[in-house]
Amino acid sequence: MTDRKGLTPRQQAAIAQVEEFGAHNYLPLPLVIESGEGAWLTDLDGHRYLDFLSAYSAVNFGHGHPALVRAAQEQLQKVTITSRAVFSAPYGPFIQGLAELCGKDMVLPMNTGVEAVESGIKLARKWGYEVKGVPEDHANIIVMANNFHGRTTTVISFSNDETARHHFGPFTPGFRVVPYGSIEAIIEAADANTVAVLLEPIQGEAGVVVPPADFLPAVRRFTREANILMIADEIQSGLGRTGTTFACDQVGVVPDLYLLGKALGGGIIPVSAVVGNADVLGLLHPGQHGSTFGGNPLAAAVGLAVVELLKTGEMQERSRTLGAHLHRRLQALIGHGVYEVRGAGLWAGVDIDPYLGSARSVCYRLLARGVIAKDTHTKTIRLAPPLVITEGELDKAVDALADALTEARAEAE
Ligand SMILES: *Cc1c(COP(=O)(O)O)cnc(C)c1O
């Protein structure tokens, strides 16, 4: 049950309704949001909070970004859903723009992130059988320990989060899990039937885990030499979050396939995609794969506006410069209740000293100070504010964190 201490009857009633009628597959923070603008969220009682979660980076450009809302509103007046049985006006400009942003030839549009992952897996297998010459049904894909790629039965088949897997089997075969950050383990696990290495360039759900600087370049070199596809799941790390368009850009790596989602929908509508070259995406023919909603006109109009926003580089620049400031300030908390800080750009995993309590207990203290942040695992708080946040707002949140840690320390002693 969500802790409802100190909430008004109005918010208590709203939460009770959700607990009665909704499946309990999340453990939300105890507040009910009514509206949002930029980096701010407002609850039913008019309290304002700085949003340091950004809906797991689906809201990279802030709540209600004017250009994105305008694109959605204009498309709402025209046509919203057509299915791909016909062509729609915004679809072409969206996929051309996205392909160009990625420096690739082609786009396969889907809706949610996990559908992009599933589509990437299907494409890699198809490429393996039709291009690489892997014997039918023998393809394997190398994935990383502590990955998070979504929630479908195939994707949890190669998760090592037991909570996410328990009682959901039987699982899909064809995956080999190796430790994250070890090129030796990938080389060891690969054989003639390996069609892809699938990884997050920075592992978000695992706690914003950044691999050694030479890891992704080594994966790129090895996969190229061994005729294996490199698939980067940039659903959370991509689209400006780390200070570059893609986290892979940080180390000058270009994967064969990008998996995109979350922020691609501008915080308005689910939009995801696989982006790659014609040697892989060109293998799909009518009827072999699809989605009723994938590439719909509303999604395409919003997705195109997101691409336009990223083309200017302004969001990436904000993430880079403000991110440097955020990380400087977080580093200064090490030894004051924090023992490690990881990340890039406006994205940080902050490990809390265990004697101060769980990361979640610190998130409650942050909430009481007007900052929404989520724990991931027991010891890490993930900070991922919208990239439109100002330096003053960042400072406010870090001050709140410092204060929360001081309070926790006083109570622990
Ligand atoms: C969120 C996420 C997904 C799944 O996206 P959904 O839209 O929730 O299906 C996949 N991969 C990564 C890295 C993610 O962060």
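Quick caveat, the model's predicted, so the values are computed rather than measured. The first residue in the sequence is number 1, and the count goes up from there. As the structure lists them, so they are numbered: ligands from 1, and atoms in each ligand from 1.
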Sidechain-backbone polar pair: Arg382 side chain, Thr376 backbone, donor-acceptor under 3.5 Å: no

Test item: Ser319 side-chain N/O and Gly240 main-chain N/O as donor-acceptor pair under 3.5 Å: yes

Glu136 backbone acceptor or donor facing His138 side chain under 3.5 Å: yes

Salt bridge (Lys or Arg N to Asp or Glu O under 4.0 Å) partners for Asp43, two or more places apart: none

Pairwise side-chain contact, Met144 with Val178, heavy-atom cut-off 4.5 Å (strictly under): yes

Arg320, Gln250, Gln236 screened by side chain to side chain donor-acceptor pair (under 3.5 Å) with Thr242, the one that passes: Gln250

Shell of residues surrounding ligand 1, defined by a 4.0 angstrom heavy-atom cut-off that is strict: Thr112, Gly113, Val114, Phe148, His149, Gly150, Glu200, Asp233, Ile235, Gln236, Lys262

